[in-house]
Each structure stands twice: as C-alpha cells, then as structure tokens.
Amino acid sequence: MGYDFGEIESKWQKYWAENKVFKAEIDTEKPKYYVLDMFPYPSGAGLHVGHPLGYIASDIYSRYKRHKGFNVLHPMGYDAYGLPAEQYAIQTGTHPEETTEKNIKRYRKQLDQIGFSFDWDREVRTSDPKYYKWTQWTFIQLFNSWYNKDTNKAESLDNLVEKFEKTGSKGINAAYNEHEDFTSEQWKKFTEYEQQNILMNYRLAYLKDTVVNWCPALGTVLANDEVKDGLSERGGHPVERKLMKQWLLRITAYSQRLLDGLDDIDWSEALKESQRNWIGRSEGASIDFKIKNHNEKLEVFTTRPDTIFGATFMVIAPEHELMDQLITPERKQEVEEYVSWAKNRSERERMTEVKKVTGVFTGSYAINPISGQDIPIWTADYVLAGYGTGAIMAVPGHDSRDFAFARHFELPIIQVVVANGEEPGNVSEWDDSYDGKEGAMINSGFINGMQVKQAIAAVIKEVEEKGIGYGTINYRLRDAIFSRQRYWGEPFPIYYKDGMPYALDESELPLKLPAVDKYLPTEDGKPPLARAENWTTKEGYPLETNTMPGFAGSSAYYLRYMDPLNDTEYFSKEANNYWKDVDLYVGGDEHAAGHLIYSRFWNKFLFDLGLVCEEEPFKKLINQGKIQGRSNFVYRIQGTNKFVSHSLRKEYDTQALHVDINLVHNDVLDLEAFKNWLPEYKDAEFILEDGKYVCGYEVEKMSKSKHNVQNPDNLIEKYGADTLRVYEMFLGPLEQDKPWDTNGIEGVFRFLRKFWRLFFDEDDNLIVTDDKPADEELKTLHKTIKKVDSDILRFSFNTGVSAYMICVNELSELKCHKRSILEPLTILLSPYAPHICEEIWQKLGYAESISTASYPIHNEDYLSENSFEYPVSFNGKMRFKIKLPVDMPKAEIEKAVVEAEEAQKWLDGKTIRKIIVVPNRIVNLVVG
RNA sequence: GCUCGAGUGGUGGAAUUGGUAGACACGUUGGACUUAAAAUCCAAUGACCAUUGCGGUCGUGCGGGUUCAAGUCCCGCCUCGAGUACCA
C-alpha cells in the first residue's frame, strides 16, 4: 500500500478534532504565543489555492511554537457580513444569513481538509448576535466618548459635560467638528436639544452632513479605501459625491498616535509607508488673509510659509463656505456656473482630467498679511474642500500646480527662493516652478538671505506675534464614514428622539437585525431597514436604519478570540492580560489602508478606556504574496476549427484562447479531453509538433473566465494535504507574489514518499532499528535541525523545505533507518506535514500526538569538521579546491596552496603579488 | 508625477555578515528495470568555444565605480510590479 495519504489524513483530522488537541486555554505556567490569520469573507466560490498560503505558513509557525513549549492561541473565524451575500439576496430573495451559513460550511470543510491546528472552539462570526453585541457595545462607548488633547486620550463624555457645567467651553482642548464659546451659565440654560447638538461635535462616533462616495448601483456609500479610480472596488460601478447625514468615527483624533505607533511594530517597511502616506502628516502654518473691503478672512494652510512673499493670488475650493460672500455682482454668473459645474463633476472625471487647468476669478481681493499686497482670489477645483482649510495662498514660483495655474491665466509669478549655488532666474523663461526646499530667500522683505528652513521658522514666529497665524500640523487622514445604506450589517444601537440620536442602554444589546420583505431601499430612498416592521424602541422611538460597514466587525475580532464565549463582557481582563496582543499576524496587503488602520485605531480607543493592556494590537505582521494564475492557451487558426501547436503558431493567422488548465499537463494538451470540454471543440483538428500539442502560457490573475483557477480540493485528492502544504511553502518566499504552477508538485510528493520509505519497506513493515548512529548521519540530522530552525525563525519556509529534501536524500543514500536519527527528523517535519508525521509517530510506538513532542535541538559538536575544503581563486576566479586542516595557520595555508600541484599552471611565469587567506572560507591569490 | 518593491538558467527559486553564482525542485535528454505502462533508480543539463582528453571564455536588467574579491556596497540609467494621485 505504501504512503496512503487519504486514509492517514482523514484519520488524524478526526483525531485532532475529537481530542481537541489544539484547544488553547490560559496556562500561566507557559509563555503565550498568539498567531492570527486575517479571517476570510466566506464567498460563494470557495477557497482557491491562493487563500491557504498564509494559513499554511501561520499554521506551521503555530505548530512550531507548540513544539517549542509555548501556549499557542491560533483561532479562526469568518468575516461574515458583506456585499455579495446581500446582492444575491436582492436577486433571489434568499436571506443573506442562509447564503452565508452555506458558504461557511463549505469553507470549513475545505479548511479542515488542509489539516490546520485551529482551536475551533473559539470560532467567531461577525454576523452572529453574540458577537456583534460587542461591536454595538463598542460603538456606544465611542458615542459616549470625546478626545481630550491635553491628556491625549479618549475620555468619557460625562466628564466633558461636567467641565461644561463648571467652566463652560473655556480651556477645553478637544478634537471636535465645530467650536462654539459658551459659559457654564449659558450651558445650563441650553435646552436638551441644544446641549445634545453641542455634544455631537465632540463624540468619537458622531452624526454629520458629509460629502460621501455614493455608489448608486450598490445603493450605498463607500469608504475611501473601497473606491478605486472613482469606481467601486466591488463591482466597478461609478461613484458620485453626495451630501448625506452619516455616522463618522473620529479616527483623526488619533492621527499622531497612529503614526508614532508604527515605529514600535515589526511590519514591512512598505506597509508602514503606506500607512504613513494614508495618515499624511505635514508640518506647516495656518495663516489668516484679510479680505479687502470685507470683515471675513481666509485661513490657509501652507507647508511653505517661507514663500509668502511669492504668494500672488489665492485659490479657494468651489465648495468653500465663504464663496457666496466673495463673489462680486459682476462676476456672479460666471463664478456660479463654474462652481456648479465643478461640484457636479464625478470623481471619475475629476481624476481623469487632472492635468486640465480650470478656474475663475471671484472678483474679490485679499491682502497678503506680510507683504501688504492686494492679491486676487480665484476658485478652482485643484483646491480640495476636504484638505486643510479648502483655501490656499498660491505661490506660482515654487509650487508646480500654482505655476501651471498662473501660466494658464497669466497671473504674476515671483521668484522668492534661489537654489543654493544658483543665480536668480527670469521667471518668464521657466518651464516649471522650483519646488525644492533648499535655497536662499530673495524678494522677501525681512527674510531675505535666509535659508528656507530658517525662513519658515521666522515667518511662523512673525505671524504668531501678529496674531494672524500659528505653526501647525495637518493630516490627510479623514474621519471614517461609518454608515452604510445596506441590510447585511450590524444595526446601530441608536434611536432618535425629536430627531436627535441617543444610544440604547447596554442591556438592550444585541439589537438584532430585523426581518425585511425585500433587501432593497424603500421607494423614498431610505435604507432597507426602514422596511422592517416595528423598527422602534419599546417606547416607540424610531431606530437608526443605516447599518455598519464591513470594517466594524473586523476591527477588534482578535480581542474577542481571547474570550469568545463571554456573554457578560467583551472579554475578561484575565484573558486580555494573558494573551495581550497578536504576536504574529499573517494576511494580504490589500488591507494596508483599511482594516489595519481601523483596527489600530479601535484598539487604541479600547486602550484609552483601560480595556486592553497593549496599545498596538499586532506586534509582527507578514503580508503573504498573492498567488497568480498560470493560464494556458491554444491557438485557433482564424475562421477554422483547427488548432496549431505553440511554436508553429507564427506560421498562421491565429487567435489565442484560454484553455482549462485541468486539460493540460506540463503544457501539453490532452486532445481527447479538450474535444470533450466544450461542444464547439468536438470536431477540433490539430497541427502538432513532435506528436504533441504544446500550449502557450501566461501569468495573470486567477479567475474563472481565464480557466486557470486551481482549487485545493482536486490537489488534495490527488496528492494529499501534506503535499499541498509543503508545496505551497516550497513555491517561493512567503511575502512574494508568485504564479501558481502545478508542475512542481510532483517533486514534493516524491519527497514525502521518499521520507516514508525511510521507515517502511515495500510491504509496510516498520524497518526502523535501534542501531547507534554514524557520525555522518548525525551530521546530516543536526545540520538540518539548525537550518530548518533558523529558517522558520526568519519565515523562510521555502528554504526550509529544501533542507528537508537534502536531509532525506542524504539519509536515503546512507540507507539510514535508525530511530535515533529518524525520530527527531519526524518532529522537525511535523509542522509542515503534520498528518504523515503523526502516523509515523504512532507507528514508532507513541500514544500521544506528535504535537506535544518537544523540538529537537541541534548540537554543534556533530557539525564540526577537522578539515575544510578551501576554494582557491586566482584574481578572484575559483580554479581548484584543496582540503586543509581547519586550525592550520595562515602562513602554512599560503605555503600549501602555492605548492599545490594544481596551482602551478596558474602561477607559471607569473609573480604572486598578494595572497589573501580567510580562514575556513577562501584563499585568493593575486598574480600578474 | 511621487513612494515602495523587484529584475539571477527553459521554469519556480537558492546564495543569512562582500568570499566557490545557480542549492533544492520542476522540465528536458539519455540509460537501467518492465512484455508494456506506471512507479522507482542512475547520469547529463547556464551560454558559448573546444572535444581525443585536459580544458577555456563569458555570465546575476544596462553603464560606470570601490575592493584581493561584488548577485550582494556606491553612482547613473532601463524595465516590470504594487500603492498613491491635484494633500497646498
């Protein structure tokens, strides 16, 4: 029978499940280790070979850590809310819960087949009321908190109210939307409605009219990270800008902490960099510009206050709130036409027409507060309402966008910075502005001659003294829009009294998702929940009809895994103090700007409340690369049903067609299978090369339409889960994108069978002996332990696999069947190929799972040699090798090399100029 | 445009601190075993030149440089991939 993976794998999967081998419990005697995978959205298509890549790596690491004596928490669950199930519900009327349940079952079966060591007792599903109770609970906490910039943390709204009652709004340093001055007396006289309105400005979860990414096709708003190139990420539908009342989370209050936290965590530089970009910190100044003949002023943010003498005009966003006041009567029509045109442009148009310069003069002038010059105020859509103050001072000499604008509308350009080592230029001859931050100031009054850096500080000091500005920091990060006009998501624990939102009492949680007759918006455009009957509180107040977005449930699931069955609190203090944070998080980098930043924010908030003990949730994070598809092509001669083999295709006028990769082996097409594949190919004819039909190939995205989807089920049936696991690791570095190519899987399968044969003969008899191991065998074993161990620690799983292969090749060569060698090797391999190793372990006479065995430790003594084979180079080129004792002194090595027979040929007629000897490494002779 | 990452045989990839480039595997070719196939085993396999044998030259995207020694370090460029996009 030999290696019967099918039987072995189902046997051990059953054993692990029945005996709860991987159940994790708090054990203060052991160090904890928390390994987390990004939980999947259970889609209808099931898993393809790309999904398990990260899961396999993290599973190997989890098993490795258990062997090393750690108490490992390795859970799995489902990100169960999502648009596809809801779209399906709209089309078919099937409740999303039903679809989701079905898909989860399929996922679970597929995951189980691969032999993961998850503790399934800790499974969470975001759509389970027992789970989303705590998502809603966290929302209530956000609703009832404000951000105190003095203590630099979130605090209870009660203490803000207390301050208002005592001292009014004076001296409060908070993150807010709008600020209003009032005394404690005024506060007390406000109506409840007025008070609530003021508090809304401070809450960390707040309701506000917001310009949102509205996607009419999906009938919902989308977060910035759900929009790509002006189209929805899911479905590719157009997205518009629309003003809507929405819930937002005040993530911006945490901008600086989110930025600073990146320095303390072990994530890839690329990922940290994209978070830094997303947060987008820039240092600069806020400066007020007076408007001529007007009481209002324009506040601008600039990173280059040094260039203020070069500010020759101002530009405000078309949406700017002072627009109406700035338009002069004679300019009214033109400006209003422009503003309405700009506001109605879709995101997509705006993006594709970036280079087009548009704008109009408002008719008003501002006064440059430093130079005293009058400068015209324009409006243009290159200034965004959402960033800074929505108004800029334009410095065409030193900002390329302002430069393009000035050239287009013939506005004056002044040079105020001269690059170091250069002379002032003639701006009318410039092709572009000088945007560099190095140089000396000219044409700039009191800062003339200063270097840029110095000038920036001087201008900030000046505006601060004059009381017309201050040095400040701006962030690109926006508050997160938290409302979705969808059905399949968490209901908000919010009701409305006289139009004002209030949080439900915690005792009312979970607020369960109600039944609806249809999963569509109502006729008058309200979200689907508005269709639910009696969607009110007991007292009859209407409940919120929006639902929460996808990232709500995924923002803190790692915390719930610590104590998933707790129904009195989110998770116990004890559980959190023990498991603390995620030691290793593995997942795709598509979550860089979404989930990973929201999670960090959510965790910091819970940290401020004193609920979690670590400020950063994910200590180390690895992004597994994507597995790309490898498509095969056949070449049909135009207008015929004749197909020509790959290398002959140039001789004909052909059309390349995707062919199902299951009909192709090593790029050779199975002709009969191809004819039976689709009716249209039934009578296909072929032009062969060397009697074969060779297909072309290309690496591209894995997708059904390209017929290149590899589903793990087929491979497991053919080769087994252990082979699949080892092969996915062998494919290449974990973090790198790579094409999936089934061709190499045979090699891994051969390796496992070869490993099996070290233990069993052809009749399945155990042939392991208790003989004393030879030095050579010990050396093979111990160098493998050393290599595999160090490779796992640096997450280099692919090189680990090749170390096993070398080891098994060497032991096979040595005909080694010795227990003292093979037992440690079995433990060593078990994280990668757990089923086969369990089976062998049992056959070796052990009653307990191999997962409890402790990891072998390599002994350097077995690796030491008394001689080293030196590569000898002449002028850097390796010419021959010579074996010499490891402790031979340099001088003797030189002598031995120079006298060596092989050396004579290279020394003949030449002078030795230099000899470099690196002990136990290399010898290099410089001759000439 | 900006930021980050990557370019090594026919293919996936290895080379951890500058020290034998191409480990391991696939594929291909030849051979053994077999009635045959599968499985297994053995050998060859970067390119070019030479071939009777010994060999030799070139070679890690391109061009320079540092060094006894460069896939690895430095400078300049090219190509591909990812992210981002008027962020003042």
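A note on names: the letters A, B, ... follow the listed sequences, proteins ahead of strands, and every chain is numbered from 1.
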Which nucleotide wins on minimum distance to the side chain of [X], given the candidates [options]?
X: A/Ile916; options: B/C4, B/C68, B/A88; value: B/C68
X: A/Arg921; options: B/A15, B/A88, B/G19; value: B/G19
X: A/Ile922; options: B/G19, B/U16, B/U3; value: B/G19
X: A/Ala270; options: B/G12, B/C4, B/G83; value: B/C4
X: A/Glu813; options: B/C42, B/U20, B/G13; value: B/C42

Taking B/A38 as the reference, what is the distance to B/G31 when you measure between their P atoms (whole Å, please)?
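B/G31 and B/A38 have their P atoms separated by 15 Å.
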Rounding to the closest angstrom, what is the interatomic distance between B/U60 and B/A23 at atom C1'?
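Comparing C1' positions in B/U60 and B/A23 gives a spacing of 15 Å.
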Could you tell me whether [X] contacts a base, only the sugar-phosphate backbone, or nothing, with contacts defined as non-hydrogen atoms closer than 4.0 Å?
X: A/Val918; result: base
X: A/Asn924; result: base
X: A/Glu869; result: nothing
X: A/Lys787; result: base
X: A/Asn809; result: sugar-phosphate
X: A/Arg750; result: sugar-phosphate

Measure from NZ or CZ of A/Arg630 to the centre of the six-membered ring of A/Tyr697, then state whether that distance is under 6.0 Å and the direction lies within 45° of the axis.
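That pair qualifies as a cation-pi contact.
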Rounded to the nearest angstrom, tell me the gap between atom CZ in A/Arg476 and atom P in B/A88.
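That distance rounds to 10 Å.
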Quick check: does any side chain N or O of A/Tyr382 sit under 3.5 Å from a backbone N or O of A/Gly359, one acting as donor and the other as acceptor?
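No.
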Checking side-chain contact (heavy atoms from CB on, under 4.5 Å) between A/Tyr727 and each of A/Trp740, A/Phe749, A/Phe751, which is the one that passes?
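Answer after filtering A/Trp740, A/Phe749, A/Phe751: A/Trp740.
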Suppose we define a pair by two distances each less than 3.5 Å, Watson-Crick or G-U wobble; what does B/G18 pair with here?
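By the stated definition (distances under 3.5 Å), nothing pairs with B/G18.
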Ion pair check, A/Glu283 and A/Arg281, cut-off under 4.0 Å:
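Result for this pair is yes, salt bridge flagged.
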